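Just so you know, these numbers come straight off a predicted model, no measurement behind them.
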Amino acid sequence: LLDQELVVLVEVLQVVERYALLLVREAGLLLRQAPAPAGDAGKRRGQVAPMSDRKKDLLAAARKARSRAYAPYSEFPVGAAVLGANGRIYSGCNVENASLGLTCCAERSAIFAMIAAGEREVREVLVVGDTGEALPPCGACRQVMAEFAPPSAVVHMCDRTGAGRSVTVAELLPHVFRLKKKR
Ligand code: THU
């Protein structure tokens with residue numbers, strides 16, 4: 001192929017990818033908005049949907065990790081849990097340092113624990129602080145998530161009760177930096 005043809009091909013593929021992501025997102029929204037069958041009182045629109053068992057497991061693991069956070073400088077403990085493609089859950093907490101910039105966030109701790117255990121693919125993420133509002137991951141953690149999770153992977157951002165918002169990795173970091181891998 002000529003260089004110019006390659007450029008056009010890459011552009012076309014990028015457009016296709018963008019529409020595929022949009023479709024995935026719309027499908028997710030439609031599913032979330034689908035009315036519950038009549039008589040299913042707890043699931044009626046406008047009410048909080050019951051938490052899936054998987055999210056419950058992620059939340060429990062993230063809370064346990066949060067209880068171990070090392071955050072004497074900020075007193076802002078955070079816990080995170082990731083579901084690996086192998087079905088296992090890995091958790092992490094924030095670990096601060098007197099040299100403040102060396103702090104590692106809970107999300108990265110959890111993902112690094114997964115990598116150290118031999119799993120490379122994140123399927124789902126949950127992050128929980130001790131906050132009244134849902135806790136969005138910082139920019140550095142979004143980039144690390146994008147390294148190991150597909151763009152469609154769901155990230156649950158929770159307040160201390162476990163309620164909050166769920167978005168995809170692509171929504172958190174739309175213009176991800178990528179570098180060609182040597183192998
Ligand atoms: N922190 C996390 O662990 N995850 C986040 O998503 C945001 C911030 C930690 C880093 C630091 O220890 C404390 O919260 C305050 O920034």
So does [Y] get a backbone contact from the side chain of [X], meaning a donor-acceptor N/O pair under 3.5 Å?
| X | Y | answer |
| --- | --- | --- |
| N94 | F76 | yes |
| K55 | L126 | no |
| E96 | Y73 | yes |
| R68 | G92 | no |
| R178 | A146 | yes |
| E107 | V127 | no |

If you apply the rule side-chain contact (heavy atoms from CB on, under 4.5 Å), what do you find for M145 with L173, and how did you get there? CA-CA 9 Å; M145 282 176 202; L173 191 63; over 6 Å; no
If hydrophobic clusters are built from ILVMFWY residues whose side chains come within less than 4.5 Å, do V154 and L58 share one? no
Quick one: pull up SG in C105 and CZ in R142 and give me the separation to the nearest 0.5 Å.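 These two atoms lie 11.0 Å from each other.
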Is it the case that over 12 heavy atoms from other parts of the model lie below 6.0 angstrom from the CD atom of E121? yes
Return the minimal non-hydrogen interatomic distance between [X] and [Y], and the atom names on each side.
| X | Y | result |
| --- | --- | --- |
| I111 | V82 | CG1-CG1, 3.9 Å |
| L135 | M157 | O-CB, 3.4 Å |
| V169 | A149 | CG2-CB, 4.0 Å |

Pair N97-S99, side-chain donor/acceptor within less than 3.5 Å: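 Checked: N97/S99 side chains show no N/O donor-acceptor pair below 3.5 Å.
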Presence of salt bridge, R54 and E124, under 4.0 angstrom: yes
